[in-house]
Participant: 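Handing you a structure now.
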Amino acid sequence: MLIIRSHKPQYAYLDFKQATVQEQRLCLNVSVFYNKKNLFVVPIRHVDELVKICKRQNIQFYIEKQVVEEYRQWRLSEQPILELKKQKDLILPPEVESCFKGTLYPWQKVGVVWLLQRKKSILADFLGSGKTVQILTVLQYLKSIGQITNGLIICPASLKLQWQSEAHKFTDLKPIVIDESNKEVRCPLYDGHSFEKKHKLCAGCYKKEECLSIKQLKYADRRAYYLTQYPDEIFIINYHILRIDNLLFTSKEWGIIAADECAFIKSSNQTTRCFNKLQCKYFIGASATVIENKPQDIFNVCKKVDIDILGNKKDFERTHIVRGGLYNQVIEYRKIDLLKEKLKYVLIRRSVSEVKHLLPPITYENVLLELFPKQKQIYNEIYTKAQEFAEQFGPQELLKTVVILREACDSAALVSSECDESSKLAFLQDFVSNTEQQVLIFTEWVRMAKLIKAIIPNSQIICGDNTTLQRQTLIDQFRDKQFRILIATDCLKEGVNLQFCSCLINFELPWNPAKAKQRVGRVFRLGQVNPVFIYNLFTEGTIEQRVRNVLNSKINIFRNIIEALETIPTQTAGLKQFIFPHNDNS
C-alpha cells in the first residue's frame with residue numbers, strides 16, 4: 001500500500017514502507033517526484049495525477065486528511081484564475097486602467113489581470129497581439145502602488161529602442177536603455193533624449209555634467225554606473241549584456257523581470273545559467289513561440305516561473321520523451337495531455353482566431369521553381385556525393401551538408417565560384433519590377449542578402465552587423481518610404497513592428513517553424529490594415545521540399561502542447577532524411 005503523507009506547505013511525500021517494489025517502480029516511472037533527503041516529495045498540485053496513476057495500475061493507496069485539505073484549498077485558490085481566461089468583457093479597476101494611455105482590447109485586459117494575480121507566469125499570446133503593452137501596464141501599475149521600485153526588461157537587441165518608445169508612448173515610465181556597442185561612446189538615455197556620438201552631449205540634456213563625467217568610462221563601468229546611481233529605475237537590456245555583465249544583474253534583487261522573446265533561454269547555455277541566477281518578486285516571460293522545435297524548449301522558462309511545475313530535467317525527459325537510435329535522438333513525445341494540464345496554471349495564450357475580426361485577410365502562396373541547368377548540375381553533384389558518404393557522417397557533417405544543399409537551391413554562387421545562376425533571383429527580379437508596393441524579403445544568409453541587393457534597386461539590408469541604432473534608422477527610413485525593398489536576415493524576425501508593409505517573401509524557409517512564424521508576425525499583426533501576402537519560394541525536386549515537411553511536423557508539436565489540438569505527432573525528423581530520395585510521401 002502507498003501512503004501519501006503531509007510533508008510541508010504545498011508538498012506531500014510518499015511513504016513506500018508498505019508498498020511492493022513493483023508498486024514503487026510504477027509510481028516513480030510515470031510521474032514527477034523529487035528525492036530530497038531520501039524522501040520522495042510531490043507537489044500538492046500533482047496529487048490528483050498520482051491518484052489517477054494508482055487507480056489505473058490497481059495500486060492500493062491512502063491519503064492523509066491534511067493532504068486532501070491542502071489539495072482542496074489549492075484547487076479553490078486556482079479556479080478563479082483559470083476561469084479568468086474564459087472572460088470576454090472584463091472591466092479593469094480604474095486605478096489599473098489609468099496606467100495605460102489608450103484603450104486596451106478585451107483580451108489584453110484579461111492578460112493584465114492574469115499577470116498581476118499570478119506574479120510569475122508566461123504570456124504566450126499570438127504574434128502582434130500587444131504583449132508589450134500588457135507588460136508595460138503591469139509595470140506601471142506595480143510601480144505606482146509601490147509593489148516594486150525597480151525592474152529589468154530583457155529582450156533581443158533589435159527591440160530595445162522599440163520597448164523604450166512604447167513605454168514613453170503608453171505609460172509614464174522612463175526606462176533606461178543600457179547600450180552594448182563598442183563602436184561608439186554614447187551618453188546615457190534619459191527622459192527620451194537621443195544617443196549622440198563620442199564627445200557630444202545629449203541634445204537638451206539637463207544632466208550635462210554627468211554626461212561629461214561618464215562618457216570616458218569603459219562600457220562595463222558605465223553599465224555599473226547606471227545600476228548604482230539609479231537603483232529605482234526600469235532598465236532595458238538584451239540577452240548578450242545579461243551574459244557578459246551577469247554579476248551586475250544577479251547581485252541585486254529586482255522588483256520585476258520581463259523576458260521578451262523568452263525562447264532565447266530554451267537551451268542550457270551560459271545565457272540561460274545567468275538568467276536562472278536572477279532574483280525577482282514578479283516575473284513575466286513573453287513569447288508567441290515558446291516552443292520552437294520541441295517540448296524541451298519550454299522547460300527553462302517554466303523553471304523560472306515555478307521550479308516544481310515540470311520537475312527537474314531528468315524527471316521531465318523521463319515523463320515526456322522517448323529516445324533511441326544511433327545518436328540517442330528523440331523518437332517520440334508522450335503524455336502531451338499531462339504537459340498541457342501542467343502548463344495551464346502558469347501560461348496564458350490567446351490565439352489569432354479570437355481576434356480574427358480585427359485583422360485583414362492573409363494569403364500564403366508557395367512558389368515552386370525549377371533550378372536552372374548549371375545550378376541543377378552543381379546541386380546534383382553535391383547531392384550525389386552526400387548520398388555516397390551519408391552513412392559515414394556524424395550529426396555535424398550531416399548538418400553542414402544539408403546547409404550546403406539549401407544554399408545551392410538559393411544560388412549556385414553561394415557554393416561555386418564558376419556559376420552564379422539562381423532561379424529564385426530571376427523570379428524575385430521579375431516580381432519586384434512588376435509591383436509598386438513595399439516588400440520585405442527574409443533570407444537566412446548574409447551573402448544571399450548581398451546578392452539580392454546587387455540586383456534589386458532601391459533596397460537596403462538589415463543583418464547582424466548593424467548596431468541597434470542603425471537597425472532602427474533603417475526601419476524608420478523604410479517606414480518613410482525612402483527605399484522600397486528591405487532585405488533582412490533573422491536578426492529582424494522578433495518583435496519589430498512593420499505593419500506598414502503588407503508583402504513578405506521568404507527567399508527560403510527555415511526548418512524552425514517558430515522562425516517562419518516570427519517572420520510573418522512582422523507584417524501580420526494588430527495595426528495592419530491592408531491584405532497581407534506571404535510568398536514562400538521553393539525549388540522543385542530538392543531538399544527544400546523536405547524542409548517543408550519537417551516544418552509541418554514541428555508545427556503540429558507546438559499546436560498540440562500550446563494550442564491544444566487533438567492530433568499528436570509521434571515521430572521527429574532526423575538529418576539523414578534530407579540526404580536520401582526527395583519525395584513527399586517518404
Side-chain angles (χ1 to χ4, degrees), residues 81 84-85 90 92-93 95-145 147-178 233-239 242 254-265 275 278 280-290 301 304-305 346-350 355 494-497 518 521 525-527:
I81 299 177
L84 177 66
K85 293 183 180 182
L90 181 70
L92 284 178
E95 61 271 20
V96 178
E97 195 156 15
S98 63
C99 292
F100 181 73
K101 298 176 182 178
T103 303
L104 293 169
Y105 289 106
W107 72 87
Q108 291 174 334
K109 295 179 180 179
V110 172
V112 168
V113 176
W114 166 275
L115 295 175
L116 288 171
Q117 292 189 357
R118 288 316 263 154
K119 290 192 176 181
K120 294 185 178 182
S121 64
I122 301 170
L123 183 61
D125 288 349
F126 65 93
L127 288 162
S129 63
K131 294 185 287 295
T132 301
V133 298
Q134 295 177 60
I135 295 171
L136 288 173
T137 304
V138 170
L139 262 68
Q140 176 70 72
Y141 175 70
L142 292 176
K143 209 166 190 316
S144 67
I145 63 174
Q147 283 291 317
I148 62 170
T149 57
N150 60 15
L152 187 65
I153 298 171
I154 314 171
C155 63
S158 58
L159 301 184
K160 290 194 293 186
L161 296 182
Q162 182 171 299
W163 265 94
Q164 186 192 49
S165 174
E166 296 205 11
H168 290 170
K169 181 178 179 180
F170 295 114
T171 68
D172 294 327
L173 298 172
K174 303 295 182 185
I176 299 173
V177 174
I178 299 184
E233 295 292 340
I234 305 292
F235 295 94
I236 302 175
I237 66 172
N238 57 299
Y239 289 94
L242 174 64
W254 299 91
I256 186 169
I257 293 176
D260 191 16
E261 302 299 343
C262 58
F264 269 73
I265 59 170
F275 181 85
L278 294 172
C280 60
K281 183 178 180 181
Y282 290 84
F283 172 79
I284 302 171
S287 177
T289 52
V290 286
V301 184
K304 191 66 180 177
V305 174
V346 297
L347 182 147
I348 183 170
R349 176 178 176 81
R350 276 68 61 86
V355 293
E494 285 126 351
V496 180
N497 297 328
Q518 288 278 8
R525 57 199 297 120
L526 288 177

Participant: Would you indicate whether the side-chain heavy atoms of Ile348 and Val110 approach each other to under 4.5 Å?
Facilitator: yes
Participant: For Val496 versus Ser158, what's the shortest heavy-atom pair and its separation?
Facilitator: CG2-OG, 4.4 Å
Participant: Once rounded to the nearest 0.5 Å, what's the spacing between atom CD1 of Ile154 and atom CZ of Phe235?
Facilitator: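 Spacing of CD1 (Ile154) from CZ (Phe235) equals 13.0 Å.
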Participant: Tell me, do Leu115 and Leu123 make a side-chain contact under 4.5 Å, heavy atoms counted?
Facilitator: yes
Participant: Over all heavy atoms of both residues, which pair between Lys304 and Phe275 is shortest? Give the atoms and the distance, please.
Facilitator: NZ-O, 3.4 Å
Participant: Taking atom types as modelled, find out whether Asn497 and Glu166 have a side-chain donor-acceptor pair closer than 3.5 angstrom.
Facilitator: yes
Participant: Short question: side chain of Asn150, backbone of Trp254 - any donor-acceptor pair under 3.5 Å?
Facilitator: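 Here the side-chain-to-backbone pair does not exist.
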Participant: Is any side-chain heavy atom of Cys155 less than 4.5 Å from a side-chain heavy atom of Lys160?
Facilitator: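 The answer is yes, as the side chains (C-beta and beyond) meet within the 4.5 Å cut-off.
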Participant: Contact between Thr132 and Leu159 at the side-chain level, heavy atoms closer than 4.5 Å - yes or no?
Facilitator: no
Participant: Do Phe100 and Val112 come close enough that some side-chain heavy atom pair is under 4.5 Å?
Facilitator: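 SC-SC contact between Phe100 and Val112 ruled out.
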Participant: Can you tell me how far the OG1 atom of Thr149 sits from the CD1 atom of Ile256, to the nearest 0.5 Å?
Facilitator: 11.5 Å
Participant: What is the minimum heavy-atom distance between Tyr282 and Gln147, and which atoms define it?
Facilitator: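 Here Tyr282 and Gln147 meet closest at OH-OE1, 3.5 Å.
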Participant: Verify, without hydrogens or angle tests, whether Thr171 (side chain) and Ala167 (backbone) share a donor-acceptor contact under 3.5 angstrom.
Facilitator: yes
Participant: Could you tell me the separation between the CD atom of Gln518 and the OG atom of Ser287, rounded to the nearest 0.5 Å?
Facilitator: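 These two atoms lie 6.0 Å from each other.
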Participant: Under 3.5 Å, side chain of Arg525 to main-chain N/O of Gly130, donor-acceptor pair present?
Facilitator: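 Checked: no pair found.
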Participant: Is there a side-chain contact between Gln134 and Thr137 (heavy atoms, below 4.5 Å)?
Facilitator: no
Participant: Between Trp163 and Ile135, does a side chain to side chain contact (heavy atoms under 4.5 Å, CB included) hold up when you go through it step by step?
Facilitator: CA-CA 10 Å; Trp163 265 94; Ile135 295 171; 4.0 Å; yes
Participant: Taking all non-hydrogen atoms of both residues, which atom of Val346 and which atom of Trp114 are closest, and how far apart?
Facilitator: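 Shortest heavy-atom contact: C-CZ2, 3.9 Å.
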Participant: For the SG atom of Cys99 and the NZ atom of Lys143, what is their distance to the nearest 0.5 Å?
Facilitator: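 Here the rounded value is 12.0 Å.
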Participant: With no hydrogens and no angle check, just 3.5 Å: does a side-chain donor-acceptor pair link Trp107 and Asp125?
Facilitator: no
Participant: When you compare the side chain of Val301 with that of Val290, does any pair of heavy atoms fall below 4.5 Å?
Facilitator: no
Participant: Any side-chain heavy atom of Leu242 within less than 4.5 Å of one from Leu278?
Facilitator: yes
Participant: Working to the nearest 0.5 Å, report the span between CG of Asn238 and CZ of Phe264.
Facilitator: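 CZ of Phe264 is found 9.0 Å from CG of Asn238.
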Participant: A quick test of your reading: do over 12 heavy atoms of other residues, nucleotides or ligands sit less than 6.0 Å from NZ of Lys101?
Facilitator: yes
Participant: State, to 0.1 Å, how close Pro175 and Gln164 come at their nearest heavy-atom pair, and which atoms those are.
Facilitator: O-NE2, 3.4 Å
Participant: Charged N to carboxylate O below 4.0 Å: is that the case for Glu97 and Lys109?
Facilitator: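 Answer for the salt bridge query: yes.
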Participant: Rounded to the nearest 0.5 Å, what's the gap from CG on Asp260 to CD on Gln162? Could you check?
Facilitator: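 Answer rounded to 0.5 Å: 9.0 Å.
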